[in-house]
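Because the structure is predicted, anything quoted here is derived from the model rather than measured.
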Amino acid sequence: MFLFEMLDTSILNVALPTIGRDLHASTVALQWATGAYTVVFGGLMLAFGAAADRFGRRRVMLIGLALLGVASLATAFVTTAAQLVVVRAVTGLAAAMTTPGTMALAFRLFDRDDLRVRAATLISTVGLVGLAIGPTVGGFVLAIAPWQVLLLMNVPIAVLAILGVRVGIAEDTAADLHRDPADVLGAALGTASIVLALVAPTLFVNDGAGSWAPWTATAGAVVTASLFFLRERSARHPLLDLELVARPLVSSGLACKAAAGLATAGLGYMVTLQMQLDWGWPPALAAIGMLPQVIVLVAGGALIKPFVRRVGLDRAAWLSAAAVVFGLAVYGLLGGVGYLWVAIALVLVAAGMRVVGVVAGVNVLRGLPENRTTIGTALTDTVTQVASGTGIAVTGTILAALFTGDIATSTWSAQQTADFREAVMIAGLTLTAAAAALVGWGILRARSATDGPVSGSTADAVGGGES
C-alpha cells in the first residue's frame, strides 16, 4: 500500500498539465485534484486507525482495498474536473483505511525487533521506489495512452493486495483487538483539526499571508485541536489515549517523525523554487538536480540494518533525525552559495529521513500495547502529514512576506533576487530551529524510555541472528 500511495501521487503530478487540457480545468481545480486526496487521507487516518484496532485491521484493510479498486476504476468515466476531485477524495478515503494497517500488520507478524525493522525497511523501500519511478513511468504512459490509464493502474494493484492480504495474513483474533465504545465526538474533532491544518498551508501559499482565509483555517485548526485535546482527556473511552501518546518511546518517535516531515517538505519546496526560479533551470534539469535525494532514499535501505545493529533503535532514531536537522542547517546557511551545498543538504536530509522513517515508526509501535498498533501507525502518518504541511506553510509565508512582486515571473530584478535569497535563508534557519527543538525534546524523551513490550537490550535484539 505504501507503493500505491507514493506511485499514485508522483504519477498524477506528471499528468496534471494533460488533465488540465483534457478536462478544461482551472489551476484551482487541478490543485484540488491532488489536494482532495491529501486532505481526506490525512484527516481520516486517526479515525480509521482507531476503527481498525476495534473491528479488525485485516477487515478494514480489505474494505479499503476494495474501495480503492472501485474508485480507480471510476476514473475511466471521469469527464469533468469536479468528478476527478470526487474520485481523488474517495481514493484518499481508501488510503486512510489501508495505509495505517500496513505497518501495524507487519509489526504483528513478527515478534523480534530485527525482523520488524527489516519488514519496515522493505515497506519503505518499495514505496520510495514508487516515488522515484513514478514520473518516468507516467511520462512513458502519457506518450502512448490517455491519462486515465495512470490511475487505472491502481486497479490491478488493489486486486493483488487483496489476494495477498487474504492469503498471507490471518484473521484478527479477539485478543489483538479492543471493544471500547467508539469516540464519535473525538473522531469528528480530530478529523476537523487535521483537515484544517492541512488546508491552511495551501491557502497560505496560494492566497498569501495577507488574506483572511489561511488565518481563519489556522485558527479553526487550533480551536478544534484544543477541543480534541480536552475531549480526549475527559472521555471515558477516548479515540486517542493521551497517556499512551505521552509514553517516552511513543512521544520520542513522533517528535523525530515530525522533525523529518517538517524538514523534508520545506527543503523540497525551497530547492524546487530555487532551481527553477532563482537559477533559471528548466524542469528537466531541476529533476536531475534532485537526483542525489532520490538515489539516497531508494538505495539507503541497505544501510539501515547495520546502522541500527551498531547503535540500537532508540539512538538510531534521534541520530538520523539530527542528520535531517544538520542538512537543513547546511541549506539555510550555504544553499545560496552554489549547487554543491544544495546537493549535500539533500543527501543529509534524505539519509536521515531514510532511517528515521523506519526506526521512529517502529519505536512508536514498540511503546504501544498490541491492541493499539494501528492507531499508532495512523498517528505517526498523521504527524508526518501535518508537519510536512507546516513546513510548506512556514516557507511559503516567509516568501510571501519578503518577496516583492510576482514570484512566477520569468525575469527577476536584482532586488527580487536578493529578497528571494534572504527569504530562503530565513525560512531554512527557522525550520532548522523548529526541527532541532523537536529532535532535542525527542532525545530527552527517549532517554527516559522504560516502557514498551520489549525485553532485553534493543541493540542486541536488532543485532540478533537472521531468520
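- For V245 against L379, the heavy-atom pair with the smallest separation is CG2-CD2, 3.9 Å.
- For the atom pair I162 CD1 and L68 CG, the distance stands at 8.0 Å (nearest 0.5 Å).
- Annotation for A263 and L328: closest pair CB-CD2, 3.8 Å, computed over non-hydrogen atoms.
- Shortest non-hydrogen contact noted between A255 and G442 is CB-CA, 4.0 Å.
- Using a 4.5 Å heavy-atom threshold, the side chains of M353 and V296 count as separate.
- Counting heavy atoms from C-beta outward, V349 and F326 have side chains that stay 4.5 Å or more apart.
- Judged by distance alone, the side chain of D419 and the main-chain N or O of F403 form no donor-acceptor pair under 3.5 Å.
- Considering only heavy atoms from C-beta on, I157 comes within 4.5 Å of N154 through its side chain.
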Chi angles and distances behind the side chain to side chain contact (heavy atoms under 4.5 Å, CB included) call for L84, I19: CA-CA 10 Å; L84 179 60; I19 293 172; 3.6 Å; yes

Could you go through W147 and T75, starting from their C-alpha distance and side-chain angles, then the distance that decides it, and tell me whether this counts as side chain to side chain contact (heavy atoms under 4.5 Å, CB included)? CA-CA 10 Å; W147 62 267; T75 306; 3.8 Å; yes

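- Checking side-chain atoms of T191 against main-chain N and O of L44 turns up no donor-acceptor pair under 3.5 Å.
- Under the 3.5 Å distance criterion, the side-chain polar atoms of R58 are matched with a main-chain donor or acceptor of R166.
- Counting heavy atoms from C-beta outward, F228 and I194 have side chains that stay 4.5 Å or more apart.
- Here the shortest heavy-atom pairing between A259 and V439 reads CB-CG2, 3.7 Å.
- Counting heavy atoms from C-beta on, the side chains of V90 and V40 never come closer than 4.5 Å.
- Q83 places a side-chain N or O within donor-acceptor distance of the main-chain N or O of T79, the cut-off being under 3.5 Å.
- Under a 3.5 Å cut-off, the side chain of Q293 and the backbone N or O of M290 do not form any donor-acceptor pair.
- Closest approach of A423 to L402, counting heavy atoms only: CA-CD1, 3.7 Å.
- Of the N and O atoms on the side chains of Q274 and Y339, not one donor lies less than 3.5 Å from an acceptor on the other residue.
- For the atom pair CG (L198) and OG1 (T382), the distance works out to 8.5 Å, reported to the nearest 0.5 Å.
- Separating the CG atom in L438 from the SG atom in C256 is a distance of 8.5 Å, to the nearest 0.5 Å.
- In this structure, CD in E422 is found 13.0 Å from OG1 in T417, a value given to the nearest 0.5 Å.
- A distance of 12.5 Å separates OG in S72 from CD in Q148, rounded to the nearest 0.5 Å.
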Using the side chain to side chain contact (heavy atoms under 4.5 Å, CB included) rule, take V324 and S320 through it: C-alpha gap first, then chi angles, then the decisive distance, then the call. CA-CA 7 Å; V324 172; S320 54; over 6 Å; no

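- Between T380 and L254 there is a side-chain heavy-atom pair separated by less than 4.5 Å.
- By the 6.0 Å contact criterion, CZ on F420 is enclosed, its count of non-hydrogen atoms from other residues, nucleotides or ligands being greater than 12.
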Would Y331 and V271 count as a side chain to side chain contact (heavy atoms under 4.5 Å, CB included) here? Give the steps. CA-CA 9 Å; Y331 179 76; V271 170; 3.7 Å; yes

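- Taken from CG in L62 to CD in E171, the straight-line distance is 9.0 Å, to the nearest 0.5 Å.
- Side-chain contact between F41 and L93: absent, with no pair of heavy atoms (C-beta onward) separated by less than 4.5 Å.
- Here the shortest heavy-atom pairing between G220 and L196 reads C-CD1, 3.4 Å.
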